[in-house]
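Within every chain, numbering begins at 1; the chains are lettered A, B, ... in the order of the sequence lines, protein sequences first and strands thereafter.
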There are 2 protein chains.
Amino acid sequence: MNLPPLIQAFVLHFGEMGSRWGINRTVGQIYALLYVSPEPLCADEIVEKLGISRSNVSMSLRELQAWNLALPRHRPDDRRDFFTTPDDVWQILRTLAEERKKREVDPTLSVLREILLEEPGSEAERHAQARMAQMHGLIEQLTTWYDDVKRLETDRLAQLLRLGARITRILETKDALLSLGRGRRKASAATEHE
Amino acid sequence: MNLPPLIQAFVLHFGEMGSRWGINRTVGQIYALLYVSPEPLCADEIVEKLGISRSNVSMSLRELQAWNLALPRHRPDDRRDFFTTPDDVWQILRTLAEERKKREVDPTLSVLREILLEEPGSEAERHAQARMAQMHGLIEQLTTWYDDVKRLETDRLAQLLRLGARITRILETKDALLSLGRGRRKASAATEHE
DNA sequence: TCTAATTTTCACGAATTACTGAAATTGCCG
DNA sequence: CGGCAATTTCAGTAATTCGTGAAAATTAGA
């Protein structure tokens, strides 16, 4: 490996974390390298900097492209492919969220839906279905929320993050106003609003 | 494997997804089985229902406990350990978020912090550090937000989810009020509020 | 302390996944 | 249509991860 120390530390870390992120070492390293490179890199430069085989680079770039985390950039009068990562970190976050949802939650959601359509054949199955329905309900709430907020502009998203839990102050105010207007109801019913 | 069809389908799915979730097949299957079981199960029952070796069950239960996703339950006058999953799906979500953050985010955050303290030795390193600073900033915003909302009661959390992007209507109203009060500023500066 | 039930550890083989070099393919230029 | 540069595919091997059975450890009674 042929890199300045700080960059090498970053690249090696991404390689090690790769397994925890569900990608492999090489893919992690290449992503990290592209991310910190000021200019797009071609495959042979990656080979040289990381000290891995050409074919490995080719396959790993292909996987990064499948994740939309590596983008091909062509140069005039150069037949080689150069690659970068998306440069806006918020865009990277969105991409990552989208791809992980696609791979990690959507399949489960559809399996749950299928199973829940079946007729339980025993008491055990009836109970299991009830549990699955709980899980399904939660996942659906989460994905509905996600589909909703992912459409926000980045500025709004950042604003929401910064607000954090303080958002609930606003909700509390709103609840108070509503229950005044309606002639006060039981507080737990307030979650039905909007 | 010795299970009613609906439960088997669920268990097998969790086994297959295991690799994508960063756990292995057996761990996924055991979790799924415990999740849908009306009563806690002991190791031998799991062996019998899933058709895997006793030692594999032992190691997998240990891993599930490390994730706080399997809880030991003792019965009077019975030396065996019985296991369940937490029964509230919201609690499971919290546990999952916490554990994944610990394993997948925190290490990166601390590596980034370390590297950012170093003095860059070249222009390439200077640029790389700037990129890492962007990544660090985003991760820190996200974890701050997470630390904030994870403290909310479940009802409030569910309320927020249900609101989804409509929350921005409230923000817009608030922005409008504030900019009126301050004598109208440029809209993009509004993200600085609160 | 001994015994028997239960759980855990661990070395090994099985299965899976990652990486490589060689060969095949692509695509551009003359 | 060659010829050349670049990329991709793929079969084989290396490395890692998974699952097992046998043996060791633990623990509660006798």
Rounded to the nearest Å, what distance is computed from the [atom1] atom of residue [X] to the [atom2] atom of nucleotide [N]?
| X | N | atom1 | atom2 | value |
| --- | --- | --- | --- | --- |
| L61(B) | dT8(C) | CG | C1' | 12 Å |
| I30(B) | dC18(D) | CD1 | P | 13 Å |
| E63(B) | dC18(D) | CD | C1' | 11 Å |
| D81(B) | dA25(D) | CG | C1' | 15 Å |
| L50(A) | dA18(C) | CG | C1' | 15 Å |
| D78(B) | dA5(C) | CG | P | 13 Å |
| L41(B) | dT6(C) | CG | C1' | 17 Å |
| E45(B) | dT7(C) | CD | C1' | 15 Å |

Tell me every residue that passes salt bridge (Lys or Arg N to Asp or Glu O under 4.0 Å) with R20(B), counting only those two or more places apart in sequence or in another chain.
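R20(B) satisfies salt bridge (Lys or Arg N to Asp or Glu O under 4.0 Å) with no other residue.
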
Lys/Arg-Asp/Glu bridge criterion (N-O < 4.0 Å) met for [X], [Y]:
| X | Y | answer |
| --- | --- | --- |
| E98(A) | K101(A) | no |
| R54(B) | E48(B) | no |
| R94(B) | E153(B) | no |

Between R54(B) and G51(A), who's closer to the 5' end of DNA chain C by nearest nucleotide?
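Whichever sits nearer the 5' end wins; that is R54(B).
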
Among [options], find the nucleotide with the atom closest to the side chain of [X].
| X | options | value |
| --- | --- | --- |
| S53(A) | dT20(C), dT8(D), dT7(C) | dT20(C) |
| M59(A) | dA6(D), dT8(C), dT20(C) | dT20(C) |
| R79(B) | dT8(D), dA28(D), dG19(D) | dA28(D) |
| S55(A) | dC18(D), dG21(C), dT6(C) | dG21(C) |
| T26(B) | dG19(D), dA6(D), dT7(C) | dG19(D) |

Are R162(A) and T144(B) close enough, and set up right, to give a side-chain hydrogen bond (donor to acceptor under 3.5 Å, both in side chains), and what steps lead you there?
CA-CA 8 Å; R162(A) 238 173 288 121; T144(B) 302; over 6 Å; no

Identify, between Q65(A) and R25(B), the residue whose nearest nucleotide on DNA chain D lies closer to the 5' end.
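First, find each residue's nearest nucleotide; the 5'-ward one identifies Q65(A).
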
If each of F83(A) and V27(B) is mapped to the nucleotide of DNA chain D with the nearest heavy atom, which maps nearer the 5' terminus, i.e. the 5' end?
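Its nearest nucleotide lies further toward 5', so the answer is F83(A).
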
Answer with base, sugar-phosphate or nothing: what part of the nucleic acid does N56(A) contact at a heavy-atom distance below 4.0 Å?
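Base contact.
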
